[in-house]
Amino acid sequence: MMDEFIKHINIWQFQEDLLTWYDKNKRELPWREDSDPYKVWVSEIMLQQTKVDTVIPYFERFIRKFPSPYELAAASQEEVLKMWEGLGYYSRAKNLHEAVKEVVEKYDGNVPDDAEKLGTLKGVGPYTKGAILSIAFNKPEPAIDGNVLRVFSRLFKVEDDISKGPVKKRIESYVKELISEEDPSSFNQAIMDLGATICTPKSPQCLLCPVNKHCLGFEEGVQEQLPVKKKAKKQKTVSYVALIMKEKDRVIIEKRPSEGLLADLWQFPMVPIEEVGMNHIEHWFYGEYGVEIHLQEKLGNIRHVFSHLIWDIDVYEAKIIQNENNDTRIRMVKTDSIDDFPFPVSHQKMKAWI
DNA sequence: AAAGCGGGGTG
DNA sequence: CACCCAGCTTT
């Protein structure tokens with residue numbers, strides 16, 4: 001789909017400039033040591049909405065524990081979540097686990113190399129599908145992520161909101177025109193490295209950019225205004241009281257529901273204060289869990305920011321008066337075994353008060 | 001098309 | 001504080 005915007009670029013020269021730069025400047029990353037499709041897959045899932053520096057230690061630990069689809073498929077969900085602990089967006093880990101089990105059962109552990117089969121795997125969307133096909137199998141498929149949208153919105157001076165579907169389609173058509181047929185793997189990774197190191201969201205280093213002579217945004221001096229996207233709404237704050245309930249060398253923890261926020265992770269039980277009220281915590285807790293408690297002293301406060309909401313948690317010690325223990329959500333565990341359970345970061349911080 | 005889903009980093 | 005990030009799923 002050639003439109004008038006693509007004509008300003010000499011495609012061959014663009015590829016040459018980009019790939020020469022990449023060959024000299026590419027970052028050495030653990031998932032670039034080989035092109036094992038399983039490792040490419042794991043890395044791409046971890047890198048969704050997550051910075052390279054954050055991912056590196058997680059990736060190395062994860063691959064050490066699950067070197068191939070077989071080890072991952074054989075693991076329990078709890079083990080997988082434990083390896084993902086602190087990385088966020090935990091449905092990624094559960095979807096990857098489920099999809100790898102499918103690959104072991106249906107494809108003998110071989111990651112499929114065609115778009116239809118890849119696209120049906122849990123957690124593999126348009127971006128990840130393109131990334132696996134290009135990076136692991138060297139197929140000329142676009143892999144449109146935030147970096148590509150930013151780089152291309154500047155290259156072609158796209159002034160429409162990049163979160164809109166039609167605009168993504170337009171950028172996808174540009175990528176298809178420009179992508180190298182000889183080395184699509186390097187091409188896609190080069191755009192990403194360029195976006196991460198040169199064509200950054202703020203203060204892009206255009207004078208150091210290997211493709212600045214092809215860039216309409218730079219030519220017109222509007223690179224800082226691109227890409228255009230609507231800003232996120234402000235988060236709402238929700239208040240909780242978290243309870244540290246110890247008895248000798250044991251403490252009560254709770255498994256969160258299997259859907260929604262931080263699904264299937266463990267936490268110290270929390271009381272939603274807007275609904276319950278500070279004066280009715282003990283009564284509410286008994287009705288909810290069948291455990292009679294007395295609130296003791298306040299231990300501290302945790303303020304945790306998510307992308308869409310903020311938790312304001314007052315942490316209290318509570319004495320267990322009587323434990324009828326008729327609720328399947330909560331469990332008393334030895335304090336020295338608490339690190340076996342996957343906790344969200346907000347609740348990891350509360351371990352300091354055990 | 002919009003909302004839900006984590007966490008860390010930067011200025 | 002605002003804004004950013006190698007997205008996908010559900011509604």
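First the proteins, then the strands, lettered A, B, ... as listed; each starts at 1. All values reported here derive from a predicted model rather than from experimental measurement.
Nearer to the 5' terminus of DNA chain C, by closest-nucleotide assignment, is the contact made by K231(A) (compared with the other of I144(A) and K231(A)). Mapped onto DNA chain B by nearest heavy atom, S163(A) and E259(A) fall at different nucleotides, with S163(A) at the one closer to the 5' end. In this structure, R92(A) and K230(A) both approach DNA chain B, and ranking their closest nucleotides by distance from the 5' end singles out K230(A).
Using a 3.5 Å distance cut-off with no hydrogens or angles, the side chains of Q48(A) and T128(A) do pair a donor with an acceptor. The closest side-chain donor-acceptor pair between E116(A) and T120(A), if any, does not fall under 3.5 angstrom. Between the side chains of Y289(A) and E254(A), at least one donor-acceptor pair of N or O atoms lies under 3.5 Å. No side-chain N or O of D312(A) forms a donor-acceptor pair with one of S239(A) less than 3.5 Å apart.
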Please write out the pairs of protein N or O atoms and N or O atoms of nucleotides 7-11 of chain B separated by less than 3.5 Å, giving the distance to one decimal.
from, atom 1, to, atom 2, distance (Å)
dG7(B), OP1, Y90(A), OH, 2.8
dG7(B), OP1, V345(A), N, 3.2
dG7(B), OP2, H304(A), NE2, 2.8

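R256(A) comes within contact range of no nucleotide atom at all, as no heavy-atom separation falls under 4.0 Å. Among the protein residues, L29(A) comes within range of the nucleic acid bases, having at least one heavy atom under 4.0 Å from a base atom. Within 4.0 Å (heavy atoms only), V52(A) reaches at least one base atom of the nucleic acid. If you check every strand for non-hydrogen atoms under 4.0 Å, S43(A) touches nothing. K229(A) comes within contact range of the sugar-phosphate backbone alone, with a heavy-atom separation under 4.0 Å but no base atom that close. R150(A) comes within 4.0 angstrom of the backbone, heavy atoms only, and of no base. Residue W31(A) is in base contact, counting any heavy-atom pair closer than 4.0 Å across all strands shown.
In the set dA2(C), dA6(C), dA2(B), dA2(B) carries the atom at the smallest distance from any side-chain atom of K164(A).
Annotation: side chain to side chain contact (heavy atoms under 4.5 Å, CB included) contacts of H308(A) (sequence neighbours excluded): L261(A), F306(A). The side chain to side chain contact (heavy atoms under 4.5 Å, CB included) test applied to P142(A) returns I144(A), E172(A), V175(A), K176(A), not counting sequence neighbours. For Q348(A), the side chain to side chain contact (heavy atoms under 4.5 Å, CB included) partners at least two apart in sequence or on another chain are E85(A), F343(A), V345(A).
Here dG7(C) presents its P atom at 11 Å from CD1 of I162(A), a figure rounded to the nearest Å. Separating the CH2 atom of W311(A) from the C1' atom of dC5(B) is a distance of 12 Å, rounded to the nearest angstrom. When the P atom of dT9(C) is taken as reference, atom NZ of K122(A) falls 8 Å away, rounded to whole Å. Rounded to whole angstrom, the span from the CD1 atom of I310(A) across to the C1' atom of dA2(C) amounts to 12 Å. Across the protein-nucleic acid pair, K233(A) atom NZ and dA1(B) atom P stand 17 Å apart, rounded to whole Å. Rounded to an integer number of Å, the gap from CG of L47(A) to P of dA6(C) is 9 Å. Between the CG atom of L149(A) and the C1' atom of dG7(C) there is a distance of 11 Å, rounded to whole Å. At whole-Å resolution of the value, CZ in F59(A) and P in dA6(C) are 18 Å apart.
Nucleotides dC3(C) and dG6(B), compared at atom P, are 22 Å apart to the nearest Å. Remark: the separation of the P atoms in dG11(B) and dA6(C) is 16 Å, to the nearest Å.
For the segment residues 184-201 of chain A, the set of residues with a heavy atom within less than 4.0 Å of an atom of DNA chain C comprises P201(A), in numerical order.
OP1 or OP2 of dC5(B) has at least one side-chain nitrogen or oxygen of H308(A) nearer than 4.0 Å. In terms of phosphate contacts, T128(A) brings a side-chain nitrogen or oxygen within less than 4.0 Å of OP1 or OP2 of dC8(C).
In this structure, CZ in R256(A) is found 4.5 Å from CD in Q267(A), a value given to the nearest 0.5 Å.
Comment: D193(A) engages R32(A) in a salt bridge, judged by a side-chain N to carboxylate O separation of less than 4.0 angstrom.
One N or O on the side chain of N95(A) and one on the backbone of S91(A) form a donor-acceptor pair closer than 3.5 Å.
Sorted by first and then second residue, the ring-ring contact (aromatic ring centres under 6.0 Å, His included) pairs with a member in residues 181-207 of chain A form an empty list; sequence neighbours excluded.
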